[in-house]
Amino acid sequence: MGSSLKNAQFLIDSRIADAARGDAEACFDLGMVYSSGSAGIGIDLVEAHKWFNLAAVAGSEIAKDCRRDIAEDMTAREIATAQAAARAFLVATQRRAA
C-alpha cells in the first residue's frame, strides 16, 4: 500500500508541476482528484474549486461546469478561500517564470 501512495503522490506532484506551467488539463485533473477523493487523497472541495478555477482561467470550458457544480456544496467562505488560493498560485507561478 505504501507504494501506491507514493505513486499517487508522484502523480499529483507531476500534475502540479504541469499546472505551474499553465497546463489547463493538469489543473482540471487535480480538480477531479480533489473533488472525487481519488488517488488516495480525501475529498477537499476548496482545493478542487481552486484547481477547477485555474483550469477555467487557462481556457477549460468543462472546468467551469465542474467549478459551478461543486460550488453548490460549498459555503461562501469556502469559495472565497478557494479563489484566494487560486490567485496565490497564479502569483507564485508567475514570479517563478519571470
Side-chain angles (χ1 to χ4, degrees):
M1 180 157 190
S3 177
S4 64
L5 287 177
K6 283 183 182 179
N7 290 339
Q9 190 59 51
F10 175 78
L11 173 66
I12 290 168
D13 291 344
S14 69
R15 296 314 279 160
I16 290 173
D18 293 339
R21 290 189 287 277
D23 184 332
E25 186 176 330
C27 294
F28 179 80
D29 291 347
L30 288 162
M32 292 302 295
V33 166
Y34 284 102
S35 66
S36 66
S38 61
I41 300 296
I43 293 174
D44 184 339
L45 295 183
V46 171
E47 195 69 10
H49 191 284
K50 173 184 106 175
W51 290 112
F52 286 140
N53 197 31
L54 291 165
V57 167
S60 172
E61 290 299 318
I62 193 165
K64 291 177 186 178
D65 294 334
C66 292
R67 178 184 59 192
R68 184 183 59 247
D69 289 345
I70 67 168
E72 293 176 4
D73 296 325
M74 298 172 69
T75 66
R77 183 176 296 237
E78 288 171 328
I79 292 169
T81 299
Q83 291 170 335
R87 284 190 298 275
F89 183 82
L90 286 173
V91 168
T93 56
Q94 288 172 353
R95 285 192 182 146
R96 265 198 311 243

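Heavy atoms only: backbone and side chains are in, while hydrogens, waters and symmetry mates are out. Model, not experiment: these values are computed from the prediction.
The hydrophobic clustering, which links ILVMFWY residues whose side-chain heavy atoms are closer than 4.5 Å, places Ile70 and Leu54 apart.
Shown here for Ala85 and Lys50, the closest heavy-atom pair between the two residues is CB-CD, 3.5 Å. Pairing each heavy atom of Gln83 with each of His49, the nearest pair is CG-CE1, 4.2 Å.
Between atom CG of residue Leu45 and atom CD of residue Glu72 there is a gap of 11.5 Å, rounded to the nearest 0.5 Å. Taking CD1 of Ile43 as the start and OG of Ser38 as the end, the distance is 9.0 Å to the nearest 0.5 Å.
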With a 3.5 Å cut-off and sequence neighbours excluded, list the donor-acceptor pairs that the side chains of residues 57-65 form with protein atoms.
residue: Ser60; atom: OG; partner: Ala63; partner atom: N; Å: 3.2
residue: Glu61; atom: OE2; partner: Lys64; partner atom: NZ; Å: 3.2
residue: Asp65; atom: OD1; partner: Arg68; partner atom: NH1; Å: 3.3
residue: Asp65; atom: OD1; partner: Arg68; partner atom: NH2; Å: 3.1

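Of the candidates Leu11, Thr93, Leu30, Leu30 is the only one forming a side chain to side chain contact (heavy atoms under 4.5 Å, CB included) with Ile16. Tested against Tyr34 for a side chain to side chain contact (heavy atoms under 4.5 Å, CB included), the candidates Val46, Ile12, Asp29 yield a single pass: Ile12.
Aromatic ring pairs are classed by plane angle as parallel below 30°, tilted from 30° to 60° and perpendicular above 60°; the pair Trp51 and Phe89 is perpendicular.
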